[in-house]
Amino acid sequence: MQTSFLFGRLSWESLPLHEPIVVVTFGVVALGGIAVVGALTYFRLWGYLWREWFTSVDHKKIGIMYMVLGIIMLLRGFADAIMMRLQQAWAFNGSEGYLNAHHYDQIFTAHGVIMIFFVAMPLVTGLMNYVVPLQIGARDVSFPFLNNFSFWMTVGGAVLVMASLFIGEFAKTGWLAYPPLSNIGYSPDVGVDYYIWALQIAGVGTTLSGINLICTIIKLRAPGMTLMKMPVFTWTSLCTNVLIVASFPVLTAVLVLLGLDRYVGTNFFTNDFGGSPMMYVNLIWIWGHPEVYILILPLFGVFSEVTSTFSGKRLFGYTSMVYATVVITVLSYLVWLHHFFTMGSGASVNSFFGITTMIISIPTGAKIFNWLFTMYRGRIRFELPMMWTIAFMLTFVVGGMTGVLLAVPPADFVLHNSLFLIAHFHNVIIGGVLFGLFAGIAYWWPKAFGFKLDPFWGKVSFWCWVVGFWLAFTPLYVLGLMGVTRRMRVFDDPSLHIWFIIAGIGALVIAAGIGAFLLQIAVSVWKRKELVDVTGDPWDGRTLEWSTSSPPPDYNFAFTPIVHDNDAWADMKRRGHGRPLTGFRPIHMPRSTGTGVILAGLSVACGFALIWYIWWLAALSFAGIVATAIWHTFNYHRDYHIPADEIVRTEEARTQALASRG
């Protein structure tokens with residue numbers, strides 16, 4: 001491949017103009033982008049967005065921006081899924097379908113990368129960012145600027161992945177980029193480089209966010225809130241972020257080594273000169289298996305909060321829930337090898353990891369019983385968050401049982417490379433993570449925006465997702481048991497065709513569920529006056545976030561609450577707690593800054609330059625990153641005080657709103 005000083009490997013041939021699907025997609029995205037930019041300019045919203053959102057260090061706004069990023073990327077990741085399902089339903093009886101192998105391999109790689117790194121991670125991080133400081137009675141996170149920087153680095157990684165759709169191409173290696181396929185000899189194009197730099201940039205944001213939330217939970221809890229009085233969601237968030245800090249540096253290291261193999265010609269992951277592809281597989285899964293629990297643990301916390309609130313009862317077995325969470329956190333580090341039982345590690349090694357995998361299912365199963373016992377003899381209200389929770393319990397148990405089946409090495413030898421494994425993985429991730437995220441969004445939406453989500457369209461979305469999920473993935477269990485391998489784009493056996501058609505119909509039903517979810521948000525905003533909640537506590541909640549107004553003021557709490565019980569707000573209501581109405585003092589707050597946006601922008605420029613070998617731009621942007629970071633250390637205007645009279649006005653307005661509702 002020829003390179004030039006000015007543009008490196010970048011040339012007109014880098015634009016995939018020969019791919020009609022990509023060209024049409026680019027046209028649609030370009031028109032949509034022009035429409036959005038035009039609307040923002042016409043309504044003069046750029047200044048507002050910059051001042052109030054992009055440069056904000058308020059954990060609540062950053063949490064919402066994470067959620068918006070996750071939902072936008074969900075649309076891209078799901079579009080890839082629909083394309084794969086359509087191709088597999090089409091490519092029978094000698095037909096090649098509509099996607100060539102080159103394009104199809106990029107799509108299934110991008111689907112996995114986007115759904116894990118840029119849908120699930122931002123949505124989970126957004127929930128933790130928004131809710132945790134409110135649940136522990138804090139004003140903000142420990143390091144507000146770092147929070148803003150973390151978010152924009154995650155956006156930077158997403159930008160690079162999206163750029164690969166239109167400039168060059170993405171990796172064709174599968175979402176974990178195993179060598180030797182990801183080595184320079186087998187992937188000389190830019191796809192794997194896009195993969196490496198997108199994940200490195202986003203990984204910086206994730207790691208720093210994990211450090212920030214650990215410090216927040218350990219150091220900023222309200223007086224009286226000991227560790228064993230923390231809400232379960234805060235506990236699961238703590239364990240999640242411990243896993244992030246412990247595992248993401250491993251991902252960073254393994255991508256550095258892969259990058260050195262590709263850029264410098266080292267041999268860490270080749271079979272030459274003492275290298276080993278198996279070292280890569282071990283390292284990537286030492287990160288990868290904790291990653292599964294990084295995604296699911298916060299949602300276990302969501303289900304605990306929802307079950308307790310909508311059963312009108314204290315959570316059954318709080319202490320056992322906490323210990324089960326901690327046990328899962330520790331054990332998630334001892335099971336990574338079950339992802340490659342088929343690689344010939346030997347009977348002793350496989351037995352150890354098979355047994356530890358079965359053991360990790362015990363604390364997970366204990367949680368299911370805790371939720372069931374919480375519901376037992378409770379006054380259950382079947383609001384939307386509770387419906388998602390019950391759907392999760394039914395769906396996730398099936399996914400968990402198929403996981404225990406795959407923990408048996410002989411069974412895994414038969415099923416590992418089949419569609420059975422794909423069905424199991426989606427069973428757990430959709431049934432656990434996505435259903436949990438929808439439960440969390442429906443539950444905390446009124447806290448964030450001051451009005452509930454429309455229940456009708458929420459239920460339409462719920463039933464489309466649940467029915468669509470089983471239609472889409474039950475056929476894959478059947479096909480997997482029949483021996484159909486994964487990652488295939490064409491099939492010869494006509495008897496398989498009907499199963500792929502059913503799976504495709506299921507994907508379309510899920511698409512209707514995503515459409516109904518977006519429509520639910522639009523209708524809720526339109527009908528917000530009908531759905532308004534001025535109490536701040538629409539569900540009769542049990543934890544501290546429900547004790548403040550909806551949406552909460554910038555300072556969260558006029559006075560730091562004092563906690564006496566692990567259901568702090570339920571305890572306050574029971575004891576007849578009254579809001580403080582006098583004695584307000586100025587509140588110290590962090591000031592907004594644009595440095596996070598600038599650093600992330602320079603990081604994207606540096607990553608893009610390294611992908612295309614534009615060395616002068618890489619050097620310039622890296623120097624810019626260092627200079628901006630040093631410059632920021634001399635910024636001493638990082639805080640301000642909200643005056644007491646402004647707090648008085650805010651609290652009086654809330655008092656009047658509460659009085660108007662009786």
Side-chain angles (χ1 to χ4, degrees), residues 13-29 73-119 161-183 186-195 198 416-423 425-426 472-473 475-476 479-480 483-494 496-497 499-508 510-511:
E13 284 73 44
S14 306
L15 303 176
L17 301 174
H18 57 285
E19 296 270 11
I21 295 169
V22 176
V23 173
V24 171
T25 306
F26 177 74
V28 172
V29 170
M73 296 304 286
L74 172 66
L75 302 179
R76 162 71 206 278
F78 187 76
D80 290 340
I82 286 281
M83 290 174 75
M84 285 189 287
R85 283 284 157 267
L86 185 58
Q87 164 68 22
Q88 289 182 324
W90 191 328
F92 273 89
N93 302 323
S95 168
E96 286 288 309
Y98 73 105
L99 289 174
N100 59 40
H102 182 85
H103 196 174
Y104 182 80
D105 290 352
Q106 290 179 61
I107 285 172
F108 82 69
T109 304
H111 171 72
V113 170
I114 287 169
M115 287 301 200
I116 296 294
F117 289 97
F118 300 109
V119 177
V161 170
M162 296 300 271
S164 72
L165 185 60
F166 307 122
I167 307 170
E169 58 185 33
F170 199 61
K172 303 184 291 291
T173 55
W175 76 282
L176 288 170
Y178 287 167
L181 200 54
S182 56
N183 283 342
Y186 290 91
S187 295
D189 48 56
V190 295
V192 176
D193 301 320
Y194 265 116
Y195 174 92
H416 182 83
N417 205 35
S418 76
L419 286 169
F420 187 94
L421 187 137
I422 301 299
F425 181 76
H426 286 81
F473 291 101
L476 301 196
L479 288 163
V484 180
T485 52
R486 53 196 176 131
R487 306 189 182 110
M488 299 287 285
R489 59 174 269 280
V490 291
F491 301 91
D492 296 326
D493 184 348
L496 307 176
H497 197 187
W499 297 106
F500 283 106
I501 289 173
I502 295 168
I505 292 168
L508 292 174
I510 292 175

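This structure is a prediction, so every number in the text was calculated from the model and none was measured.
Legend: residues meeting salt bridge (Lys or Arg N to Asp or Glu O under 4.0 Å) with Glu19, ordered by chain and number and at least two apart, are absent. For Asp493, the side chain to side chain donor-acceptor pair (under 3.5 Å) partners at least two apart in sequence or on another chain are Ser495. Listed by chain and number, the residues in a side-chain contact (heavy atoms from CB on, under 4.5 Å) with Ile82 are Phe78, Ala507, Leu508, Ala511 (sequence neighbours excluded). Residues passing the ring-ring contact (aromatic ring centres under 6.0 Å, His included) test with Phe166 are Phe26, sequence neighbours excluded. Not a single salt bridge (Lys or Arg N to Asp or Glu O under 4.0 Å) links Asp105 to another residue, sequence neighbours left out. Residues that satisfy the ring-ring contact (aromatic ring centres under 6.0 Å, His included) test with Tyr104, not counting sequence neighbours, are Phe108. With sequence neighbours excluded, the residues satisfying ring-ring contact (aromatic ring centres under 6.0 Å, His included) with His426 are Phe473. Judged as a salt bridge (Lys or Arg N to Asp or Glu O under 4.0 Å), and not counting sequence neighbours, Arg85 has no contacts. Asn417 pairs by the side chain to side chain donor-acceptor pair (under 3.5 Å) definition with Arg486, not counting sequence neighbours. Residues that satisfy the side chain to side chain donor-acceptor pair (under 3.5 Å) test with Tyr194, not counting sequence neighbours, are Trp612. Take Glu13 and apply the salt bridge (Lys or Arg N to Asp or Glu O under 4.0 Å) test, not counting sequence neighbours, and it matches no residue. Under the rule for a ring-ring contact (aromatic ring centres under 6.0 Å, His included), the partners of Phe420 that lie at least two apart in sequence or sit in another chain are Tyr477.
Atom OH of Tyr98 is surrounded by more than 12 heavy atoms from other residues, nucleotides or ligands within 6.0 Å.
A 4.5 Å side-chain heavy-atom check between Val113 and Tyr195 finds at least one atom pair inside the cut-off. Thr25 is not listed as a side-chain neighbour of Val28, based on a closest heavy-atom distance of 4.5 Å or more. You'll find the side chain of Phe118 stays beyond 4.5 Å of the side chain of Leu74, heavy atoms only. No side-chain heavy atom of Val484 sits under 4.5 Å from any side-chain heavy atom of Ser418.
No donor-acceptor pair under 3.5 Å is formed between the side chain of Arg489 and the backbone N or O of Ala91. Looking at Gln88, its side chain does come within 3.5 Å of a backbone N or O of Met488 through a donor-acceptor pair. A side-chain donor-acceptor contact under 3.5 Å links Ser187 to the backbone of Leu181. Of the possible donor and acceptor atoms, none in the side chain of Gln106 sits under 3.5 Å from a partner among the backbone N and O of Ser164. With Asn100 contributing its side chain and His103 its backbone, the two residues share a donor-acceptor pair below 3.5 Å. His111 places no side-chain N or O within 3.5 Å of a backbone atom of Asp80 that could act as its donor or acceptor partner.
Note that CZ of Phe170 and CG of Asp189 are 11.5 Å apart. Values are rounded to the nearest 0.5 Å. One finds the CZ atom of Phe491 at 9.0 Å from the CD atom of Gln87 (value rounded to the nearest 0.5 Å). Thr485 OG1 to Leu421 CG: the interatomic distance, rounded to the nearest 0.5 Å, is 12.5 Å. For the atom pair Ile501 CD1 and Leu496 CG, the distance stands at 11.5 Å (nearest 0.5 Å). The distance from the CH2 atom of Trp175 to the CD1 atom of Ile114 is 13.0 Å, given to the nearest 0.5 Å. The CG atom of Leu479 sits 9.0 Å away from the CD1 atom of Ile502 when rounded to the nearest 0.5 Å.
Side-chain atoms of Glu169 and His102 include a donor-acceptor pair closer than 3.5 Å.
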